[in-house]
Engineer: 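My structure is below; once you've seen it, I'll send some questions.
Naming: A, B, ... by sequence-line order, numbering from 1 per chain. Fair warning: this is a prediction, and the values are worked out from it, not measured in the lab.
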Protein chains: 2
Amino acid sequence: MAVKKPSIHDIAKAAGVGVGTVSRVLNERPNVAEATRVKVESVMEQLGYRPTFAARHIRTGRSQLFGFLTDQVTTTPFAHDLIKGAQARARQADRMLMVIDADGDDRVREQAVANLIERGVEGIVYAAMFHHEVHVPKALHEVPTVLVDCFTLKRDFASVVPDEVRGGREATERLLEEGHRRIAMVTNDALSTGYPAAMGRLEGYKEALAEAGVPFDEALVREGSGNADSGYRWAHDLLDADDPPTAYFFGTDRMAMGAYFAFTEVGLTVPGDVSVVGFDDQHYIADALRPALTTMALPHAAMGRWAIDHLLTAPWGEDRPPPQRRLPCPIVERGSVGRVPASDAGEEP
Amino acid sequence: MAVKKPSIHDIAKAAGVGVGTVSRVLNERPNVAEATRVKVESVMEQLGYRPTFAARHIRTGRSQLFGFLTDQVTTTPFAHDLIKGAQARARQADRMLMVIDADGDDRVREQAVANLIERGVEGIVYAAMFHHEVHVPKALHEVPTVLVDCFTLKRDFASVVPDEVRGGREATERLLEEGHRRIAMVTNDALSTGYPAAMGRLEGYKEALAEAGVPFDEALVREGSGNADSGYRWAHDLLDADDPPTAYFFGTDRMAMGAYFAFTEVGLTVPGDVSVVGFDDQHYIADALRPALTTMALPHAAMGRWAIDHLLTAPWGEDRPPPQRRLPCPIVERGSVGRVPASDAGEEP
DNA sequence: CTGAAAGCGCTTACAG
DNA sequence: CTGAAAGCGCTTACAG
């Protein structure tokens with residue numbers, strides 16, 4: 001580190017050629033004699049030459065860079081999948097990712113966007129850690145942007161979110177498929193929050209029931225809070241009913257986990273006695289449960305990938321309304337769903 | 001986006017000054033008349049001027065950038081804390097972080113390091129997702145580097161890792177403190193792997209016992225695999241003994257979680273009948289358990305912070321051996337540790 | 001306090 | 001196929 005890094009001029013001089021030629025071999029351009037190419041390459045090798053990206057950037061105007069801004073309040077296990085998905089797609093296109101965690105601070109957020117723009121990013125993905133409406137820094141309008149797991153009320157940015165309704169529907173269908181008719185649903189949040197994740201999953205549940213001709217029974221629905229404790233309590237509550245459910249659909253894996261403890265306490269076995277489907281696919285929980293939990297996966301990697309892909313391929317600056325994309329939440333089959341117990345299957349055809 | 005972004009020249013012309021003056025106000029340098037400053041600033045405002053960072057970088061030689069390379073095989077919930085810690089420290093110093101997930105691919109890793117160097121990073125943090133020995137790309141020697149949660153056999157890079165031994169010791173001490181004497185330990189991996197996390201935590205357990213004058217009893221130790229299933233099985237196994245333990249120290253929270261199910265099955269209550277301490281502080285598990293799990297926190301954020309801090313402040317290029325730092329794993333008290341049951345406390349003073 | 005000029009390390013036409 | 005020159009958007013002495 002003591003000696004100055006060699007520049008293209010040093011290479012040119014040492015190789016006895018002009019800088020243009022060095023640039024040509026560097027960029028693998030045609031019209032370079034094989035002999036000169038070899039010569040130049042060997043000199044670069046010897047001198048340990050590394051191109052300076054900033055110079056290239058300034059000349060070509062291409063930063064090969066995307067910004068990734070996360071808007072989050074608390075550490076979640078999801079951030080990484082999102083980043084991984086985005087980065088995988090970016091790498092295919094030879095781009096890098098500048099990741100910033102604004103951690104819920106508006107000032108930091110504004111500053112971050114400004115910094116990213118000054119760095120010349122080709123686009124910014126603004127990712128929330130759960131599906132909700134957001135207010136974003138105005139400067140985001142200066143640069144191609146896609147919102148991930150969130151959206152603005154005005155829908156003035158491209159956005160990609162999980163298809164909560166469809167996820168809820170498919171979770172419920174999976175249970176119906178096994179003959180269950182008394183299926184409880186514990187929402188992942190109070191409905192009053194208006195969060196799409198809570199509303200949507202419940203709506204999907206209702207849709208599936210309706211389609212299967214199973215009457216909706218309000219007595220089987222509980223408003224949960226998302227955490228394990230809530231699942232534990234509501235499971236006990238539902239268990240206390242005269243005619244307890246044979247299947248449970250929880251809006252989060254954590255609630256399903258709490259419910260497992262409740263089932264164990266009363267001597268019920270999953271999936272022999274009761275079937276369970278979760279939501280989120282937090283695999284450190286879903287895999288750890290006994291039996292492992294069947295759950296709906298939040299498409300974090302896919303959303304990250306979609307976001308970068310959109311930045312890469314969408315025509316910017318046009319007037320058409322930005323796409324509001326919903327990605328499916330695939331079911332991850334593990335071991336918590338089984339056939340409805342024979343004694344409860346009376347109403348089957 | 002249709003019009004070209006204004007440069008410092010455009011500002012200079014519009015403000016009727018030279019570019020040097022614009023640069024001076026941009027950098028808040030002294031020796032600018034108040035009137036000119038105001039004038040220039042208003043022009044910048046009007047034209048929506050943003051400095052081009054790449055130009056600044058190329059002139060000053062400062063990239064204000066660190067690389068963050070993760071070497072990981074599988075998604076872990078820890079990556080984010082590491083990144084957050086690193087980024088928090090970087091922001092204080094007005095630096096940004098370029099995050100790359102090499103995902104276990106050597107080619108990608110090499111390429112990533114090359115890219116980062118070309119981007120002019122001031123340093124690279126190379127982070128593993130669990131404490132082990134690594135082989136790193138040679139190019140890392142070209143730039144200040146610190147290894148996080150890993151180390152090289154040659155110890156030729158600065159490194160920061162969790163103090164596994166001390167963590168194991170303090171976990172055990174916590175249990176001894178409550179009068180427990182028959183304390184089981186389930187390691188988080190086969191000892192044959194040689195992983196510091198498995199060896200170290202067990203060693204700490206032994207140290208604590210020795211210091212307390214409690215004879216080490218091999219019958220109380222099991223080699224676990226880290227996952228919930230393993231915890232479940234070994235808990236049952238230990239429970240079957242003639243004189244079962246009153247306390248359990250698990251090398252991972254996931255194993256503790258499995259054990260909770262075993263305890264529930266046999267009607268044992270935590271912490272009334274048995275006490276439990278975990279390791280990792282995976283809070284989505286630790287918080288979700290009933291009662292919440294007392295556990296040793298892996299210092300991910302602290303390691304991330306330390307790494308950037310070291311890059312920022314250490315004198316580089318000197319010959320002294322790079323520091324090999326161990327950071328403590330603080331205990332996180334939740335609700336799983338209680339007094340030894342009276343009937344088991346016979347041997348107390 | 002301020003402007004004109006040089007230069008950071010590249011790429012890109014333009015001649016030859 | 002190749003070299004010399006201009007220029008990307010800044011900062012930094014250097015005169016005034």
Engineer: Regarding A:Pro30, tell me which of base, sugar-phosphate or nothing describes its non-hydrogen contacts under 4.0 Å with the strands shown.
Structural biologist: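 No contact.
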
Engineer: Please determine whether a side-chain nitrogen of the Lys or Arg among B:Asp106 and B:Arg109 lies less than 4.0 Å from a carboxylate oxygen of the Asp or Glu.
Structural biologist: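 A salt bridge is present here (some side-chain N lies under 4.0 Å from a carboxylate O).
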
Engineer: With side chains defined as the heavy atoms from C-beta onward, is the minimum distance between A:Pro162 and A:Met303 less than 4.5 Å?
Structural biologist: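 Answer yes - side chains close enough.
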
Engineer: Applying the Watson-Crick and G-U wobble criteria at under 3.5 Å, what pairs with C:dA4? Answer none if nothing qualifies.
Structural biologist: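 None - no nucleotide pairs with C:dA4, as no candidate has both distances under 3.5 Å.
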
Engineer: Between D:dT2 and A:Thr36, is there an OP1 or OP2 to side-chain N/O distance shorter than 4.0 Å?
Structural biologist: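 A:Thr36 to D:dT2 OP1/OP2: side-chain N or O found under 4.0 Å.
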
Engineer: Separation of A:His9 atom NE2 from D:dA4 atom C1', in whole Å?
Structural biologist: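 For the pair A:His9 NE2 and D:dA4 C1', the rounded distance is 10 Å.
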
Engineer: Tell me: NZ of B:Lys13 to P of C:dG3, nearest whole Å?
Structural biologist: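 To the nearest whole Å, that distance equals 15 Å.
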
Engineer: Any donor-acceptor pair under 3.5 Å linking the side chain of B:Asp105 with the backbone of B:Arg107?
Structural biologist: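 Such a contact is found between B:Asp105 side chain and B:Arg107 backbone.
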
Engineer: Tell me whether B:Glu118 contacts the main-chain N or O of A:Phe53 through its side chain, where contact means a donor paired with an acceptor under 3.5 Å.
Structural biologist: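 Not at all, since once roles are kept as given, no pair shorter than 3.5 Å links the two residues.
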
Engineer: Would you kindly give the CD1-to-C1' distance between A:Ile58 and C:dG7, to the nearest whole Å?
Structural biologist: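 Rounding to the nearest Å, CD1 of A:Ile58 and C1' of C:dG7 are 12 Å apart.
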
Engineer: Looking at B:Glu110 and B:Lys138, is any side-chain nitrogen of the basic one under 4.0 Å from a carboxylate oxygen of the acidic one?
Structural biologist: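 Yes, charged N to carboxylate O under 4.0 Å.
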
Engineer: Assign A:Arg37 to base, sugar-phosphate, or nothing according to its heavy-atom contacts below 4.0 angstrom with the strands shown.
Structural biologist: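 The residue A:Arg37 makes no contact with any strand.
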
Engineer: At under 4.0 Å between heavy atoms, how does the protein contact nucleotides 11-16 of chain D? Give one character per nucleotide, 5' to 3', with B, S or -.
Structural biologist: BBB---

Engineer: What is the distance, to the nearest angstrom, from the CD1 atom on B:Ile11 to the C1' atom on D:dG9?
Structural biologist: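 Those two atoms, CD1 and C1', are 12 Å apart.
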
Engineer: Specify the separation, in whole Å, of atom CZ of A:Arg119 and atom P of D:dG9.
Structural biologist: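 These atoms are roughly 18 Å apart.
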
Engineer: Heavy-atom distance under 4.5 Å between the side chains of A:Met98 and B:Leu97, does that happen here?
Structural biologist: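 SC-SC contact between A:Met98 and B:Leu97 ruled out.
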
Engineer: Can the ring centres of A:Phe157 and A:His141 be said to be less than 6.0 Å apart?
Structural biologist: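 For A:Phe157 and A:His141, the ring centres are under 6.0 Å apart.
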
Engineer: Tell me the interatomic distance from B:His57, atom NE2, to D:dC8, atom P, rounded to whole angstroms.
Structural biologist: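 After rounding, the reported distance stands at 20 Å.
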
Engineer: Once you round it to whole Å, what is the distance between C1' of C:dC10 and CD of A:Glu28?
Structural biologist: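 Atom-to-atom, A:Glu28 to C:dC10, this comes out as 17 Å.
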
